[in-house]
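It should be emphasised that the depicted structure is a prediction, and the values quoted were computed from it without experimental measurement.
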Amino acid sequence: MSSPVRVTGQAQEVALAEAQAVRAIASGEEYRGRLAALIAAIDEGEVDDDDAATLEELLELGLQTGRIRAHYGPGGEQAALSLYRKLPRGAELAESAREVTEALRALEGREVGAVELTAVGPGAFALSLAAGDLEISLRLDRQGARVASVNA
């Protein structure tokens, strides 16, 4: 069981409006039930477990498609992003970004000799950076940015 995530302020307003909008057009009873439970949890100001997973799905879709920005403006988008980063998948993405940044710090002060970006599949890329005897390879895809290898 994960710890509950507080949902307040503008993030609560955006999450509630999105959940209600999707529930209004959803056809599957099971999914409509999940959305009803999510709406109740958001209304109470806290989500966890299944509700958090449903909220992640809603926010990912709304953020990736630009719907949240289009309907709630830049402030609503920022509130949704902040909330997303508190949810399990958002926290994982933030952690992977921190790990990549830490690996890239090894390049500070070095002259970069080679940079190569390769498409490895739909929405997936490999980025290689070489500086002297150090080579760092990164993987960039829907799961985030990850260090693939560091060779010294």
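Annotation: side chain of E60 is in contact with side chain of R89 (closest heavy-atom distance under 4.5 Å). Considering only heavy atoms from C-beta on, R110 comes within 4.5 Å of L134 through its side chain. With contacts defined as side-chain heavy-atom distances shorter than 4.5 Å, the pair K86/V7 does not qualify.
No donor-acceptor pair closer than 3.5 Å links the side chain of S96 to the backbone N or O of G144. Proximity of a side-chain donor or acceptor of R23 to a complementary backbone N or O of R32 within less than 3.5 Å is detected. The backbone N or O of I68 sits nowhere less than 3.5 Å from a side-chain atom of E18 that would complete a donor-acceptor pair.
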Worksheet item: Are E77 and L63 close enough, and set up right, to give a side-chain contact (heavy atoms from CB on, under 4.5 Å), and what steps lead you there?
Response: CA-CA 7 Å; E77 180 183 46; L63 290 165; 4.0 Å; yes
Practice prompt. Kindly indicate, with the supporting measurements, whether the criterion side-chain contact (heavy atoms from CB on, under 4.5 Å) is fulfilled by I136 and L127.
Written response: CA-CA 8 Å; I136 299 175; L127 175 63; over 6 Å; no
Item to complete: List the steps, then state whether side-chain contact (heavy atoms from CB on, under 4.5 Å) holds for F125 with L138.
Response: CA-CA 8 Å; F125 301 89; L138 308 174; over 6 Å; no
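Closest approach of D48 to P4, counting heavy atoms only: CB-CA, 3.8 Å.
In this structure E99 satisfies the side-chain contact (heavy atoms from CB on, under 4.5 Å) test together with E95, sequence neighbours excluded. For E102, the salt bridge (Lys or Arg N to Asp or Glu O under 4.0 Å) test picks out R105, with sequence neighbours left out.
For D141, the CG atom sits in a packed shell: over 12 heavy atoms of surrounding residues, nucleotides or ligands are nearer than 6.0 Å.
The CD atom of E116 sits 9.0 Å away from atom OG of S137, with the distance rounded to the nearest 0.5 Å. In this structure, L107 CG and E135 CD are separated by 10.5 Å, a value rounded to the nearest 0.5 Å. Between atom CG of residue L55 and atom CG of residue L83 there is a gap of 5.0 Å, rounded to the nearest 0.5 Å. The CG atom of D133 sits 10.5 Å away from atom CG of N151, with the distance rounded to the nearest 0.5 Å. The structure places OG of S82 at 10.5 Å from CD of Q10, a figure rounded to the nearest 0.5 Å.
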Name every donor-acceptor pair, under 3.5 Å, that has one atom in a side chain of residues 33-42 and the other anywhere in the protein, sequence neighbours excluded.
unit_1 : atom_1 : unit_2 : atom_2 : d
R34    : NE     : T54    : OG1    : 3.2
R34    : NH2    : T54    : OG1    : 3.2
R34    : NH2    : E57    : OE1    : 2.9
R34    : NH2    : E57    : OE2    : 3.2

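Using a 4.5 Å cut-off between side-chain heavy atoms of Ile, Leu, Val, Met, Phe, Trp and Tyr, with links allowed through other members, L104 and L93 fall into different hydrophobic clusters. Hydrophobic clustering (side-chain heavy atoms under 4.5 Å, transitive across Ile, Leu, Val, Met, Phe, Trp, Tyr) keeps L61 apart from L87. With hydrophobic clusters built from ILVMFWY side chains whose heavy atoms lie under 4.5 angstrom apart, V100 does not share a cluster with V120. Taken together through direct or relayed side-chain contacts under 4.5 Å among Ile, Leu, Val, Met, Phe, Trp and Tyr, L58 and I25 form parts of separate hydrophobic clusters.
Residues E56 and Y84 bring no donor and acceptor atom of their side chains to less than 3.5 Å of each other.
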